[in-house]
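What follows is a short report on a single structure.
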Amino acid sequence: MRLTQLMRPAFALAAAAVVAVGFGVPPAKAAPKKGGVMTFVVPDEPPSWDGHRETTFALIHPFAPFYSLLIKVNPENPSSPTDFVCDLCTEMPKPADGGKTYTFKLRQGVKFHDGTPLTAHDVVASFKKIISPPKGVTSARVAYFVMVDSVSAPDNHTVVFKLKYPSGAFIPALATPYNFIYSKAKLDADIRWYEKNVMGSGPFKFVAREAGAFVKGERNKDFYVKDRPYLDGFEAIFSSKQALRVQAIRGDRAAIEFRGFPPKSRDDLVKALGKDITVQESPWNCVLLFTPNSKKKPFDDVRVRRALTLAVDRWGGSKHLSQIAIVKPVGGVSYPDHPLAPKKAELEQIAGFWPDINKSRAEAKRLLKEAGQENLKFTLINRAIDQPYTIVGTWLIDQWRQIGVTVDQKMDPTGPFYAKLRSSDFDVTMDFNCQSVINPLLDIGKFLSADKGNESYGGYTDRTLDKMFDDMNRTGDEAEQKKLMLAFEKRVLDEQAHSFVTLWWNRIIPHRSYVKGWKVSPSHYLNQDLANVWLDK
Amino acid sequence: MTVAADVRTEIELPDRSETANWWSRVRQFVRRNPLGAAGAIVIIVMFIMAALADFIAPYNPVANAFDRLHQPPSLENWFGTDQFGRDVFSRIVYGARTALLVGFVSSFIGASIGLVLGVGSAYFGGRTDLIFQRILDVFMAFPLIIMALAVISIFGTGAQNVIIAITIPFIPRCARVVRSSALAIREMPYIDAARANGFSHSRIILRHMVPNVMAPFLIMITAFVGQAILLEASLSYLGLGVQEPTPAWGLMLQGGAEEYAESAPWIAIFPGIAISLAVFGFSLFGDAVRDELDPKLRSQ
Amino acid sequence: MYQYTLKRMLLMIPTLLGAGILVFILMRLIPGDICVLRMAGGSGYVDPKAIANCHAELGLDRSPVMQFLDFIWGFARFDFGNSMWTGRPIVEEISLRFELSLQIAIMATLTAILLAIPLGTISAVKQNTWIDYLVRGFSIAGIAMPSFWLGILIILGLLITTKSVFGTPWMPPIKYVPIWVDPLYNLSMTIFPALATGYRYSAVATRMTRSALLEVLREDYVRTARAKGLVQQVIIRRHALKNALLPVVTIIGIEFAFLMGGLVVTEQVFNLNGLGKLFVASVSNHDYAMTQALVMLVVAIFIFTNFVVDIVYAWLDPRIRYK
């Protein structure tokens, strides 16, 4: 990977520019070297090995290299929300039938790791399991494919998707990195076989796994892309403590971690290792939210809710918090660098984003006084994860302190945390929205009424908002989409004050400079098949 | 078996009525037990910090100051500032409150419940005692940290629940020691006499037995305080302790401590020293109390 | 003696049963649902039908009494079932970690013994001198230092010193290899956590050695030995230490049992894939079956160690048998 190449203006998004620190840039476009085993650390371990079922990055990092996808984000340009390329198909299809039919031609001669050929029937069986799973089988992404009417294989190398209505959300949904292509034979024998077994057609073959410790893969010699992968194998080591993962890279026990480190750890690594460390950074398609419980007094009062967001200095926070936490970009509910997102001037009109924080806080105090809540006290519930949850939570509490609101924080492990959210047992909660392929049209589904999205925990019902969402998804007109998106942002964050955005995440990956061919993307779910990665040792 | 399991019974508490020679007593204690005296000083300093935190601490311990992120120790910030720009010294001073609260409340409640249960079990004896012992066995054998983990997961985090989580494992440990002392007292003639007089069970237990097991009880309390402070720190490390922004030593060692261990070591060093000193102080003092109350261990 | 042993063995059963009840209730009081957690990582939408299916499959739709009886009956037959989280046999998951935990526990105990007995002896013999204070200070410092703090200092210290001495930073491996596969690699990983833990655990044993020895030194036979004109060293080595060691051995034995499940924090610090880490993961994943099995295992180890200690005691001291 060359720095200059990464800085190219041809880049779809200016802010996706990757900052490389140190002197790890090779003098010329070095030819990739073959061989070597790459070790990386993974913060968490997935419950099962079935990508169709799981939602955690902990599944993607160790298991994505074993599988192929139908289409994927362009590994040379992973920051772009619109640049998709074929993996198993031969050419990105043009939609036919008024945008309702997509026909994919598959590569010939692709083999699964057990030597059996991969055909269109395997692709169809896999997507059927994802889109309409049989009883007793869980698929995490049924909702992504609501627009799909049918998927079929007219012959061994053709897959046809028919949609109920044209939708801009279809192709991004198809490129979701969890949509592993499984063997129809295996699924027919036991549809849950993939929960505990691995057998794909990806660049790496499964070798071994030790519970709680590691997953090991070796080069797939029959991989369908010539001369790939470069690596002889990889080893993913599970390690739950961030401090240890940072030290592991420093002590060269691991070459990289794909989730992201805080800024201070980056600086420490660069300071300790100099040119042996290369840093890649990118805005991240994840955002921390805070949501008041509209069913509970006094948060049923929109004035109180608005006061909470008016107290928060996001522009200042971006500058300061980015020094200590993995957050940085200021934005609304949609990914800040996406064409549909509000421009800075538009954002500054929305409560909580006003350029003058003193004016904003004065207004917050006025609202609280008006609502008779000058001495408001409440508990913020938060997830017991240091980065960025605790840090942002602690910062929020100090922001609220400045309008005279006293807040104490309660941290819960993931299980009890979401149990409380589901049973509406809280005053104000932290929450997050984290998606893989950037697709604001679907990503903002998080903010719909409780009965609609099943993912918002504020306890509000707002049919006007729901309708905006539907209209947005069914129009092909980009100007109309943009207008609706701005109205949606205003409604959620300001007028109705349902739920609030804090700061968007910032992904920082400091890695050993000998790791080449891996490019940071705005999501820790994307671009992880490791086919293009090589070691310069 | 616990730290203080080798404590024996039938110990007279030192008479505290004579205030006149209080000073000479202190001097004697210091001469006999210089380590214990050092421990006592640490504890006294902690108490002063906790009581007068509002006057001692130069800054608001929770106010963020983003123009002073992780500043090294200086004249303005004696112990430097942390990742939120908060004054580490002020947080340590206020943290003494949390430490003493968690330490004393949990060890006092734990030891008191243990005292009642232990004496009761010994007094009634027979089947009550047997069943009771089995229940204590269960709690003793149950892994302590897992118990704490479960309790926090059930009730949620926060100082109050941390105290509950720490108190529960203390109860059986104290009950066991107290029971073995009480067993010996039960056989004393004056208990028989009390029974013969027709005194109620509660009167005999409270008036005649409890005062005589005060020595092991006090020893257990001092031994527990340090352990409680340490347990709170361990729970914080697992993300289950007192929560931000409350100033607490264990919490200060979490997150920031690891991330900044090298580039801003003062964020971790000072709370680390505070915890170690407090536990050190309570352990030394606890040892001294034991030596004082247990004549068998007193030097010849 | 036979009767005593039998009686003690029977007494183990109610304790195990009690621990079973306790963990069963505790786990079910924790808010949250393993199925929701497993399917949606906690957040996001989950189909209620899929949840019901998952409950049925894990047997969580039955009444708590049935679930409990099933758990105890399985345990009585040494059939522990599968982990609810990973679906793999619990025996397989535990045995994977057991090896590492056992190794660390043994190494830490050895460290503790090697530190405690000589230090405790010196401390007792030189009672109330500066040597005594120094030794006691050193050993109490061990408990006073939070274990994770010690761990972080060790790793950071290694990284910094190796960098300045050899030019490249070195730290202990983060992936376990059994000792018979690569002893050097294995030891380079396990030695540091074992030393850190052993040092911490030596504190109690040191104190025990000291006070036990002090007591024995006041016994009549030691006074007699002294009166006979025996040299202090000989008295201690031949008479006193031997008798003082019994309670010390006890406490070390019991701590060994604690080490098997209690290294939660140290395992996190050094990324050791041991029982403690599995414990924390199972509790936070709501993996009832696994947590229950682990608690039963640790409790069984604990009461078995106690049992052995008691039997040894009874064998050594006939007075106990007849009480």
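Labels below follow one simple rule: chain letters A, B, ... track the order of the sequence lines, proteins then strands, and each chain is numbered from 1.
Using cut-offs of 30° and 60° for the angle between ring planes, the Tyr199(C) and Phe138(C) rings count as tilted.
For the set Val295(C), Leu22(C), Leu16(C), the entry with the most heavy-atom pairs within less than 4.5 Å of chain B is Leu22(C). Heavy-atom pairs under 4.5 Å with chain C were tallied for Pro34(B), Gly226(B), Gly250(B); the largest tally goes to Pro34(B). Of all the listed residues (Ala141(B), Ala38(B), Ala278(B), Ala233(B)), the one sharing the greatest number of non-hydrogen pairs under 4.5 Å with chain C is Ala141(B).
The side-chain heavy atoms of Arg173(B) and Met140(B), taken from C-beta on, include a pair separated by under 4.5 Å. Side chains of Tyr288(C) and Ile30(C) form no contact here, defined as non-hydrogen atoms less than 4.5 Å apart.
Residue Ile301(C) does not touch chain B at all, counting heavy-atom pairs closer than 4.5 Å. With a 4.5 Å cut-off on non-hydrogen atoms, Phe139(B) touches chain C through its side chain but not through its backbone. For Leu156(C), the part lying near chain B is the side chain, with the backbone staying farther off; criterion is any non-hydrogen pair under 4.5 Å. The parts of Leu29(C) that come within reach of chain B are both its backbone and its side chain, each placing non-hydrogen atoms under 4.5 angstrom from that chain.
When each of Asp132(C), Thr129(C), Thr206(C), Thr209(C) is checked for a side chain to side chain donor-acceptor pair (under 3.5 Å) with Ser123(C), only Asp132(C) meets the rule.
Note: Phe224(B) and Phe104(B) fail the aromatic proximity criterion, with ring centroids not under 6.0 Å apart.
Contact record, Ile267(B) with His70(B): CD1-CB, 4.1 Å, taken as the closest heavy-atom pair.
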